[in-house]
Each structure stands twice: as C-alpha cells, then as structure tokens.
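For reference, the structure I am asking about is given below.
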2 protein chains.
Amino acid sequence: MDTTSPESPIAMLQRLSLPGLVTAELERMILDGSLLPGDKLNEMALAERLGVSRGPLREAFRALEEAGLLRQEKNRGVFVREIGAEEAAEIFDVRASLEALAARQLAATRPPAAIAHLQQLLGELADAHAQADGDRYHALNLKFHDTLVAAAGNRTLSALYRRLVKQIGLFRRLNHRDPAVLGTSLDEHGRILALIIAGDSAAAAVAIERHALDSKARMLARAHASHPA
Amino acid sequence: MDTTSPESPIAMLQRLSLPGLVTAELERMILDGSLLPGDKLNEMALAERLGVSRGPLREAFRALEEAGLLRQEKNRGVFVREIGAEEAAEIFDVRASLEALAARQLAATRPPAAIAHLQQLLGELADAHAQADGDRYHALNLKFHDTLVAAAGNRTLSALYRRLVKQIGLFRRLNHRDPAVLGTSLDEHGRILALIIAGDSAAAAVAIERHALDSKARMLARAHASHPA
DNA sequence: TGATTGTTGATTGTCAACAATATGCAATAA
DNA sequence: TTATTGCATATTGTTGACAATCAACAATCA
C-alpha cells in the first residue's frame, strides 16, 4: 500500500468521478475564456470531446448551474450564463461586504504565516506593477484577495467569496492592462495590509470595502464606456 | 392559447423538468425534517418512490450537493450533510454580514411597500409572541429577515442569504419554544425596523448584525448545553 | 477463538437506446 | 412575394441495462 505520495493512485481513483472531473473541466474552460458568456454547450459534441457519455456531463451541468455559471433552457440546451452591469454591481457589493468581514476577522487574529504570505504577494504585485505587466498584476491581485479572505479562517466565507469571483468572470471581459488602474490599486493593497497588521479591524474593513467599491466603480465605468446602451 | 392564468399549463410543462422537480422535492424534504442530517439517500428506493428513473435523481443530487445540502461519497452514496458547531458559527458570521449589508441598503432606499410589509410582519410577530406560539414565531422570524433582505433589492445578496439559511437548517435542531428567546428577539426586530425607517443606514447595519450575532451566541450556547462533547 | 478469504447481493457509476422537442429548410398556398 | 404547412434532422430528456464497487456474511485457516 503506497502511502508515501500525497494521495495514492488508488485513493485518487476512489475519490474522483466523471461528473466531478467534467464539472472541474467545464469550470476551467469558463474561467479561462475557452467558453464565453452566451455560448451554448452541445451535450453530444461535448460528451464526445471529453470522452464520456452524456449522463455524467448532464450531472456536471446541474452542478455548474447551481454554482451560477451555467443556465439551462429545457429542451433547448445549456448556456454559459451572461451577467449584465446590474448583476455585476450586485456581486461587487456583496463581495465588498464579504471582504470587509474577512479583513475584520484577519485583523483580529493576524496569523504570522498568512501575514508573511500576503506581504510576499504585495512584493510581487509591486514587481508586476513596475514592469507594467497587466496580466500578471491581475492574477496576483486575485491571489492577494483570495489569500486574504482565506486567511480569515472562515471556510463558508471563502467558499462564497470564490463563488462570486467566478461569477464576476462572466461579466464582459475588460482590459486589465490600463496603466491608470495599476497605481491606485497597489497603494490600496499596501494600506489594507498595514491596517490588518496593526490590528485595526474597523479601519481595515472600511479600507477594503472602499477598495472593492472603487474597483466596482471603475469596472462599471469601463463597461459603460465600451457599450453605452 | 391560454394566457389568462399566471402561467399556462403549456408554459409550465416547457419550463419544468424532472431533475428540477426532484431537486425541489428533496430540498423540501431536507428543510422540513423528513430527511435528517446524516441520512443516506438510496438512489433506487428514492427513484422508485418519486416515480422517476435514477438519471434525473442523480442530476438533482449534483445540484443539491453544490448547494451545500448534500454530500457525496463515490461508490458509497449520497448523504444529507451534517453541520457542526464550528461551521454553524461561520455561517452565522457571514449571514450577519449579509444582513448588515441588506439593512444598510434598505435604510437608504426605504421602499414604502416593503416597509409596510415588514411592519405587518412585526405585528404578526407580536401576536405570536403574545400567544407564546414558538413555531409560528420562528416561521415569522425567518419571514421577517428574508423579507428585509429581499427588500434591499440585491438579488445576488438574497440568493446567498437564502442559501445560508437553508444550510443552517442542517445544524442540529433546537427548541424554538423557549420563552426566554422570544422577548429579546421581538424588541430587536422593532428597533432594527425603526432605524431603517429613520434612514439611519449605519445604525441599522450595526443593530441587525448585533441581533444576528446574538442569535448565533444563543444557538451555539444551546447546542453546547445539549451536547457538551 | 480471532483473523483471513471467498462469495453473494445491493448499490452506485456509466453507457447506449428510445422518446420527445425544437429548429431549419423545402414545398405549397394565398 | 410572403406566409403557412410539412418534413427531416439534430438535440435534449429519460429510461433501462450492464459494469464496477462495496458491504455483509459464511467458510476456512491458524
């Protein structure tokens, strides 16, 4: 019995199911842009492409539908869900509230390992900013926030937060490369982390919520500029 | 073409699917206590009982699993999820945060119809309290909070809130009939609504969050008294 | 007697087939 | 020419069958 690896092939086989794997694969395709909002998912083609029968695929559809990433129309098929400006605004508001809770809780506990990790991410954010590497900055930005929320130690909170982050990905894609976005955002991360380290729960919550709502305003302004209607 | 009723039989048939109906039925069974935390769901028996084949039932399982109400063990079956005190505490914290956001937004908008509805519910709560009718009080309590959150007008917020309310139902059942619980809770509802009507967003948010966290403390204290573990 | 092996039956996981529905295109009528 | 009807095809919804896995029990061994 091989127990030297993190997870043995046997244990992995006992844990993984086709619906689970298909769910993960579809989610990946949605998040990385292979599947776009509004795209229709053809069961037969997709089942053939993934090398499974339609049953597990349909199970995966139901999971992703409940996760808010797909929508089903009976007898007409399943589509990647589209999110408009109004719903995006709702998501941002809720997300800001969840982040504020996380910052408040994190400022109260301040686990050294998490703080160190966040500080490292801040450094990497500064690097990406110095190199005007928008893609890298964006990815690190997400990582910073996710790490912060996870470090609060409330798994229900983390799960909901991630759920919303995935959903907001369905909002029309925006250009992360605009240099004007980068500077403001970097300063804010530093300030939020400093407040957390200082143990100022209330100020940290306010700062991160303000930061999130600023992001919302910027994103919605951009979306409005691209499509005035 | 019959369009006089809210939804014609044809439209209903076009909308409703077996997986959707089964999902709703299982959820009802979980929420009304027909299915208890830890119960194992036997596919064959349940499919026969509901008069469907196992395919739609499995689809329903995936949806409810994603909703946090069921958990699957591959090759061993599906179980109603159990929630312990730690997770319950997490859920309460997040719920309180969401309710605070709702109260803040509601105090800013104060839609007359929603306010009237909440005031009516408050009256009904007082009736139930006067009659020491714990079950009715509990149901109205849930209704009051749900109405308040929904009235904030953020559908993402409402959906997440409802998701958490359903999940908290998996926590061990407690006696709602204890008279000591009733008085405090009624006063708080009145105070929260008054602050909302007064348009004091910040105070309303603080009051409702305090209320929610008080509920958390009471529920956890009771759970601890029942099972010191 | 306790541990191990073998067998059986129940259940879960997946697939393929059939029924039902929607869509698109061609033929027909006005 | 436009609108309507009919037909064929593709796709979705559901079912039943088969394979794989697990748990329980009986038989055997040390």
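Residue numbers begin at 1 in each chain, while the letters A, B, ... track the order of the sequences. Bear in mind the structure is a predicted one, so any value in this text is a computation, not a measurement. Note that these values count all heavy atoms, side chains included, but never hydrogens, waters or copies made by symmetry.
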- Answer yes or no: does atom CZ of Arg15(B) have more than 12 heavy-atom neighbours from other residues, nucleotides or ligands under 6.0 Å?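 Count over threshold, so yes.
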- Message: In this structure, how many angstroms lie between the P atom of dA20(D) and the NZ atom of Lys74(B), rounded?
- Response: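 From Lys74(B) NZ to dA20(D) P: 12 Å.
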- Item | Nearest listed nucleotide, side chain of Pro56(B), among dA22(C), dT21(D), dT14(D) |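 Among the listed nucleotides, the one closest to the side chain of Pro56(B) is dT14(D).
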- Message: Need one value for Leu41(B): base, sugar-phosphate or nothing, where a base atom within 4.0 Å counts as base even if backbone is also close, heavy atoms only.
- Response: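 It contacts sugar-phosphate atoms only.
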- Hey, does the side chain of Asn42(A) come within less than 4.0 Å of dT11(D)'s phosphate (OP1/OP2), counting only N and O?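 Checking dT11(D) against Asn42(A), a side-chain N or O does come within under 4.0 Å of OP1 or OP2.
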- Query: Side-chain contact, heavy-atom cut-off 4.5 Å: Arg163(B) with Glu66(A)?
  - Reply: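 SC-SC contact between Arg163(B) and Glu66(A) confirmed.
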- Task: Output yes when at least one side-chain N/O atom of Arg58(A) is less than 4.0 Å from OP1 or OP2 of dG13(D), else no.
- Result: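 Yes, Arg58(A) has a side-chain N/O under 4.0 Å of OP1/OP2 on dG13(D).
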- Message: If you only use heavy atoms from C-beta on, which nucleotide in dT12(D), dT12(C), dT14(D) is closest to the side chain of Lys40(A)?
- Response: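 It is dT12(D).
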- Task: For residues Arg136(A) and Ala128(A), report the shortest heavy-atom separation together with the two atoms involved.
- Result: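 The pair with the smallest heavy-atom distance is CG-CB, 3.9 Å.
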- Side-chain N,O (Ser53(B)) to OP1/OP2 (dT15(D)) below 4.0 Å: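 Yes, such a contact exists.
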- Which residue, Val78(A) or Gly55(B), contacts DNA chain D at a nucleotide closer to its 5' end, judged by nearest heavy atom?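 Its nearest nucleotide being more 5', the pick is Val78(A).
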- Item | Whichever of Arg76(B) and Glu73(A) has its nearest DNA chain D nucleotide further upstream toward 5' |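 It is Glu73(A) whose nearest nucleotide is closer to the 5' end.
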- Val52(A) side chain, from C-beta outward: closest of dG13(C), dC15(C), dA22(C):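 It is dC15(C).
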- Message: Looking at Gln72(B), I'd like to know whether one of its side-chain N or O atoms comes within less than 4.0 Å of OP1 or OP2 on dT12(C).
- Response: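 Answer no for this pair, as no side-chain N or O of Gln72(B) is under 4.0 Å from OP1 or OP2.
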- If we call it a pair only when both distances are under 3.5 Å in a Watson-Crick or G-U wobble match, what pairs with dT4(D)?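 Answer to the pairing question: dA27(C), which forms a Watson-Crick or G-U pair with dT4(D).
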- Query: So, Arg58(B) and Glu43(B), do they make that salt bridge, N to O below 4.0 Å?
  - Reply: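 Yes, charged N to carboxylate O under 4.0 Å.
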- Item | Listed nucleotide nearest any side-chain atom of Met44(A), set dG13(C), dT11(D), dC15(C) |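 Closest nucleotide to the Met44(A) side chain: dT11(D).
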- Query: Looking only at N and O atoms, is any donor in the side chain of Arg54(B) or the base of dG16(D) less than 3.5 Å from an acceptor on the other one?
  - Reply: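 Donor-acceptor pair under 3.5 Å: no.
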